[in-house]
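Since the structure comes first, as structure tokens, the remarks are kept for the end.
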Amino acid sequence: MTDAAPASTGGPLTGVRVVELAGIGPGPFAVMLLADLGADVVRVDRTGEVHPGAPGTPHPDLLNRGRRSVAVDLKSPDGRQVVLDLMRGADVLVEGFRPGVTERLGLGPADCLAVNPRLVYGRMTGWGQDGPNAPHAGHDIDYLAPTGALHGIGRAGERPVPPMNLLGDFGGGATLLALGVVAALFAVRAGGAGQVVDAAIVDGAALLTTQIHALRRMGMWQDPRGVNLLDGGAPFYDTYECADGRYLAVGALEPKFYDELVRLTGFRLEPDEALDRTDPGNWPALRRSWARLFRTRSRDEWARLLERTDACVAPVLDWREAPDHPHLAARGVFVEHVGVRQPAPAPRFSRTPGAIRRPPPHPGEHTDEILAELGLGAERIMQLRAAGTVA
């Protein structure tokens, strides 16, 4: 058996140049993923976002880590030309405007692919580039609602619960955009032409529900929320309040794990309560019994007893506590970069590890540097600044 190859100093996307037209939410998160994996990212911010008195510390928006920023007026002919010049040396463009906006700016797929036929043009929207809802505004909750995903989240007999914006914006949207961009890059590197990646949150959120559709077809999932094995219906897959008002997550799905949970906790039923956990008719009584038991100790007392066992139990930590959890700390799930603690790049690579290479920039922080790389001289840069084309 040979030794593993030595680790590279760059991530797996080292050498890939990404241009991002500034947006919010899922687009920036997708680009953050690419930057963490080694891509060289230039973010095109609006000139109106530039604040000359910006502090010398990094911008607080962690979604924008790993970039440099150039501020450009996209509505001006010279500003459009700056972006097209960036396209000539780029591998990827990512934009998150409503359908038709970049086309009206002269920066749509046809415009950019004309100057760089190998460009991967990534588009991030909620509704997608076509369909009756495509021209209209929305947010994560709106995109989840028609897919069925929002319907399935919540307690039995209660209203659906918004899952923050993690399931739609970042799960179904940004993560699939990043996957699509990398797949399209692979096709280009194999000799193919550039193409458009249309990443819609509704598409991705629906895709994430594939297993639920499969379970319904097999008769293993009911349509009402909060009554199923994985949606809080089962008493052995739920959260419980402890003596200190904090919570414990219990995921003892399989019989052997449930048996271990029973053994370690000394769980006992009341004499008149049913024992068979496989019968959903017994779930309410079982939940009441487990709730009584878990309220007898604090969250951390239960965690010390159960966490590193096959009982499948973990403490529910808040945002402040999470980075210091022993397992997350041991794996470096959170890292400190330029004095800011934040989630580390993922996934992990044995030879070309990802890394946070730059803190989030302030809009326009690298304008002169990036324009100089395009071959513009100091006098031309001054002219563009004087005209308000760049900032």
Establish, from distance only, whether the side-chain atoms of [X] and [Y] form a donor-acceptor pair under 3.5 Å.
X    : Y    : result
D73  : T47  : no
D276 : T278 : yes
N64  : R43  : yes
H366 : E373 : no

Drop me the distance from [X]'s [atom1] to [Y]'s [atom2], to the nearest 0.5 angstrom.
X    : Y    : atom1 : atom2 : result
H136 : D142 : NE2   : CG    : 12.5 Å
T209 : L207 : OG1   : CG    : 7.5 Å
R385 : R380 : CZ    : CZ    : 13.0 Å
L261 : C312 : CG    : SG    : 8.5 Å
Q383 : T389 : CD    : OG1   : 10.0 Å

Is N116 reaching over with its side chain to a backbone N or O of A90, donor-acceptor style, under 3.5 angstrom?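 Looks like yes, one N/O pair under 3.5 Å.
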With a 6.0 Å cut-off on ring centres, are Y240 and W290 close enough?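 Ring centres of W290 and Y240 not closer than 6.0 Å.
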Flag yes if [X] and [Y] sit in one hydrophobic cluster, no otherwise; membership is Ile, Leu, Val, Met, Phe, Trp, Tyr, and two members link when side-chain heavy atoms are under 4.5 Å apart.
X    : Y    : result
V120 : V41  : yes
W221 : L144 : no
V197 : V19  : no
V262 : W283 : yes

Crowding at [atom1], [X] (>12 non-hydrogen neighbours, <6.0 Å):
X    : atom1 : value
I24  : CD1   : no
F186 : CZ    : no
R348 : CZ    : yes
Y237 : OH    : no

Decide yes or no for [X] and [Y]: does some side-chain heavy atom of the first lie under 4.5 Å from some side-chain heavy atom of the second?
X    : Y    : result
F170 : L63  : yes
L86  : L374 : yes
L93  : L21  : yes
R287 : D238 : yes

Determine, step by step, whether R358 and E365 satisfy the salt bridge (Lys or Arg N to Asp or Glu O under 4.0 Å) criterion, reporting the C-alpha distance in whole Å, the side-chain angles of both residues, the deciding distance to 0.1 Å, and the verdict. CA-CA 12 Å; R358 291 177 178 270; E365 185 174 334; over 6 Å; no
Pi-cation contact, W302 with R297 (under 6.0 Å, within 45°):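 The answer is yes, since R297 meets both limits relative to W302.
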Check this for me, if you would: do [X] and [Y] make a salt bridge, where the nitrogen-to-carboxylate-oxygen distance has to be below 4.0 angstrom?
X    : Y    : answer
E49  : R46  : no
R65  : D36  : yes
D324 : R341 : yes
R123 : E95  : yes
R277 : D259 : no
D91  : R189 : yes
R68  : E369 : yes

Does R67 form a salt bridge (Lys or Arg N to Asp or Glu O under 4.0 Å) with D40? I'd like the steps, not just the answer. CA-CA 7 Å; R67 278 90 145 171; D40 176 18; over 6 Å; no
May I have the step-by-step check of salt bridge (Lys or Arg N to Asp or Glu O under 4.0 Å) for R246 and D300, ending in yes or no? CA-CA 9 Å; R246 295 190 285 185; D300 292 345; 3.2 Å; yes
Identify which one of V92, L34, L37 satisfies the side chain to side chain contact (heavy atoms under 4.5 Å, CB included) criterion when paired with V182. L34
